[in-house]
Number of protein chains: 2
Amino acid sequence: MTETIERPKLRDVVADRLKTFILEGDLKPGDRLPTEAELATRFGVSRPSLREATKSLEFLGIVEARPGRGLTVGSVNMDRVTEYLGFHPAMHDVSAEELIDTRVLIETGVLPHVARRMKQDESLYDKLNAINAELQQARSLARWVKLDIAFHRELICASGLSPLMAFTDVLAVFFRRFRESVKKAEWSGGIESHQRVIDALKAGRVQEADRELRTHIESHRERI
Amino acid sequence: MTETIERPKLRDVVADRLKTFILEGDLKPGDRLPTEAELATRFGVSRPSLREATKSLEFLGIVEARPGRGLTVGSVNMDRVTEYLGFHPAMHDVSAEELIDTRVLIETGVLPHVARRMKQDESLYDKLNAINAELQQARSLARWVKLDIAFHRELICASGLSPLMAFTDVLAVFFRRFRESVKKAEWSGGIESHQRVIDALKAGRVQEADRELRTHIESHRERI
DNA sequence: GATGATTAGATTATCTGACAATCTTACTTT
DNA sequence: AAAGTAAGATTGTCAGATAATCTAATCATC
C-alpha cells in the first residue's frame, strides 16, 4: 500500500500562514501588509509561489493588491463566491421544475420589499417601466431575452437585498434556455404581465402582484 | 474627480473565461480540462498568469490540479470558503438587516414546498426532529451553532429546491457571527421554536409555521 | 510661504525560461 | 499474459527581468 501522502501544496501553506498573520496581528480592512518580496523571504518561498497564494486570497477579497501601493487587508464581498456558485454540488442536474419553483419563490418573496421601497423612491418604478418599454420595441429574440433578464434582475435589485442579486445571476444562466424557447407571439403577453406587476406594486397591492408574477413565471412550465 | 479606471486584472479575465469554458462545455466534476500550456496559449497569456487564475479557482475547489494528470473540474468546497471567509473581520460589510431579510424570505418561502413533500415522505419530519433532539443536548456553543446551521439547512433541503441549497451554504457563512452571539439561555427558546415550526408543517399549517419561523429568525435583529 | 507640477522610488503585473516532482502510458521482459 | 520498467506528459516551483502604476518627496512658480 503506497500511501499517497497528499503533499501539502506550497501555496496552501502560505495562504494559511498569511491567514494567521492577519489574525495574530489583529489587522483590519485597509491595514497594510508586508510587500510580496518580504513575505516571500519570510515564508521561505519564491515570489511566484507567494503570489499564487495571495492571488487566491485576493480572489475572495481577503487581501487587496495594487501596484505601487502594496498589499492590504481587503473587504469581503460575497459576490465573488456567489458568482461561482454554479459549481456548487447542488447545482448539478437541476430540473426545470426546481428552477421555476426557485424563481417563483425568490421573485414573489421580494415583492413586499419592493412595494415598501417604491413608496419612498419613485425612480424604482420608472426604471422598471423603462425596461418594459424597451421590451416592447425588441425585434430579435436575443434582445428580448436580454431585456427580459434585465427586467427581472431589476425587480430583485429594487428589493435592496443585495445577497439575492448575485444568486439571481447564477440562476439566470441556467434559466436562459427556457427563455430562448419563447415564441414571438408570446412576447406581448409577457410584457403586459410585467406591466401589471409593477403597476400593482406601485399601488401597493402586493398580493395582486404576487399572483400575476407567479403565473407569469410558471407559464414556462408548459414549454417543457 | 480622478477617474481611476479599474484596469481588469488579467487573471480575473482568465478565471472568468475558464468559468464560461466549463459552463458552455457543460463539463461535470471529474471531467478533464486542457493543460495549462494549452489554456495559456488559447487565452493568449503566459503560464504564470494562467496559473494565478487556475490556482484561485482551485482554492475554491472549482478546478483540481494534479501533477502528471492535468486539470480537472471540481465543485465548490464550502469548507474552504467558510474557513477563510469566516475568520475575516471584513464580514461586517454585508448589512445585518439584509442578511436577516434574505434568510426570512428564503426560509419562509420554502415552507409550502416542505409541507407538501412532508405529506408524502414521513422521513423529512424525522430528520428535522432528530437534529432538534441533538440540539437539546448540545453543551458547547460551537456544537450548538453547527447543529442550528444543520437544522436550517435541512429545512431548505426538505423543499427539494437544490439551487437554494447552494445559496444557503454561502449565506450561512455570513450569518455565523449572529449565531455566535447567542447566549446559552436563548438556546432553549430557539429549540422550542424549531419544534413548533416542524410540527406545524407536519400538520399542514403552513401559515402558522411561517409566522413562527419569521419571528425566530428575526429575533437576531435585537442582538445588533 | 503656499501651491501645483514633476520626478524618483517603491511595488505589483506580467512575461520568459528552466528544472524538479509526480503521474500516466506504453513498452519490455519474463 | 502479467508484471515491472522506462519514457513522456503535466503540474510544481524557482530565478530573473521588464512594464505599469501608485506614493511621496522635490522643485519651481506665484
Side-chain angles (χ1 to χ4, degrees), chain A residues 1-18 21-22 25 27 29-75 80, chain B residues 1-18 21-22 25 27 29-74 77 80:
Chain A
M1 189 67 120
T2 58
E3 297 267 337
T4 18
I5 299 171
E6 274 284 325
R7 189 159 68 90
K9 308 269 172 69
L10 208 43
R11 58 177 173 283
D12 285 344
V13 179
V14 172
D16 198 61
R17 289 194 62 178
L18 202 53
F21 179 88
I22 295 175
L27 300 182
D31 288 352
R32 305 198 43 173
L33 293 168
T35 69
E36 288 183 351
E38 188 180 333
L39 285 174
T41 58
R42 182 193 299 238
F43 295 155
V45 299
S46 69
R47 230 189 104 206
S49 286
L50 180 110
R51 274 180 67 83
E52 287 185 2
T54 59
K55 294 316 135 191
S56 293
L57 295 182
E58 191 180 352
F59 197 68
L60 291 179
I62 291 172
V63 305
E64 284 176 10
R66 289 174 65 182
R69 186 167 160 206
L71 298 170
T72 56
V73 179
S75 300
R80 226 337 128 51
Chain B
M1 190 70 111
T2 57
E3 317 236 345
T4 15
I5 300 173
E6 276 285 324
R7 189 161 67 91
K9 310 263 171 74
L10 205 46
R11 57 176 175 283
D12 286 343
V13 179
V14 172
D16 199 61
R17 289 194 60 181
L18 197 54
F21 178 87
I22 295 174
L27 301 183
D31 288 352
R32 302 192 53 165
L33 291 168
T35 68
E36 289 183 352
E38 189 180 333
L39 285 174
T41 58
R42 183 194 298 239
F43 294 154
V45 299
S46 68
R47 223 188 109 203
S49 286
L50 179 109
R51 274 180 67 84
E52 287 185 3
T54 60
K55 294 315 134 189
S56 293
L57 294 182
E58 190 180 353
F59 193 70
L60 295 182
I62 291 171
V63 307
E64 289 172 10
R66 289 174 64 182
R69 187 167 160 206
L71 300 170
T72 55
V73 180
N77 178 356
R80 176 55 72 75

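Chain A is the first sequence line, chain B the second, and so forth, proteins listed ahead of strands; every chain is numbered from 1. If you're wondering where the values come from, they're calculated on a predicted model, not measured in any experiment.
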- [ ] Take atom CD of A:E64 and atom P of D:dC22, then tell me their distance rounded to the nearest Å.
- [x] 14 Å
TODO: Whole angstrom is fine here: how far is it from CZ in B:R11 over to P in C:dC15?
DONE: 11 Å
TODO: Kindly determine whether B:R51 and B:E36 satisfy side chain to side chain contact (heavy atoms under 4.5 Å, CB included), including the steps that lead there.
DONE: CA-CA 7 Å; B:R51 274 180 67 84; B:E36 289 183 352; 2.9 Å; yes
Task: First encountered from the 5' end of DNA chain C, between B:R47 and B:E52 - done: B:E52
- [ ] Using whole Å, report how far CD of A:E38 lies from C1' of C:dA10.
- [x] 13 Å
TODO: Find the distance B:R66:CZ to C:dT24:P and express it as a whole number of Å.
DONE: 6 Å
TODO: Could you check how far NZ of B:K55 sits from C1' of D:dT10, rounded to whole Å?
DONE: 11 Å
- [ ] Please tell me which of A:P67 and A:S46 maps to the more 5' nucleotide of DNA chain D, matching each residue to the nucleotide holding its nearest heavy atom.
- [x] A:S46
Open item on the list: Tell me if a side-chain donor or acceptor on A:R32 pairs with a main-chain N or O of A:R69 at a distance below 3.5 Å.
Closed with: yes
Task: Residue closer to the 5' end of DNA chain D, A:G44 versus A:R69 (nearest nucleotide) - done: A:G44
Open item on the list: I need the CG-P distance between B:L39 and D:dT11, as an integer number of Å.
Closed with: 8 Å
Task: Below 4.0 Å: OP1/OP2 of C:dT14 and any side-chain N or O of B:S49 - done: no
Open item on the list: Under 4.0 Å between a side-chain nitrogen and a carboxylate oxygen: does that hold for A:E52 and A:R11?
Closed with: yes
Task: Spacing between B:L33 atom CG and D:dT10 atom P, to the nearest angstrom - done: 13 Å
TODO: Using atom CZ of A:R51 as one end and atom P of C:dT12 as the other, report the distance to the nearest whole Å.
DONE: 8 Å
- [ ] May I ask you to test the A:F43-A:L18 pair for a side-chain heavy-atom distance under 4.5 Å?
- [x] yes
Task: Residue whose closest nucleotide on DNA chain C lies nearer the 5' end, B:R32 versus B:V45 - done: B:V45
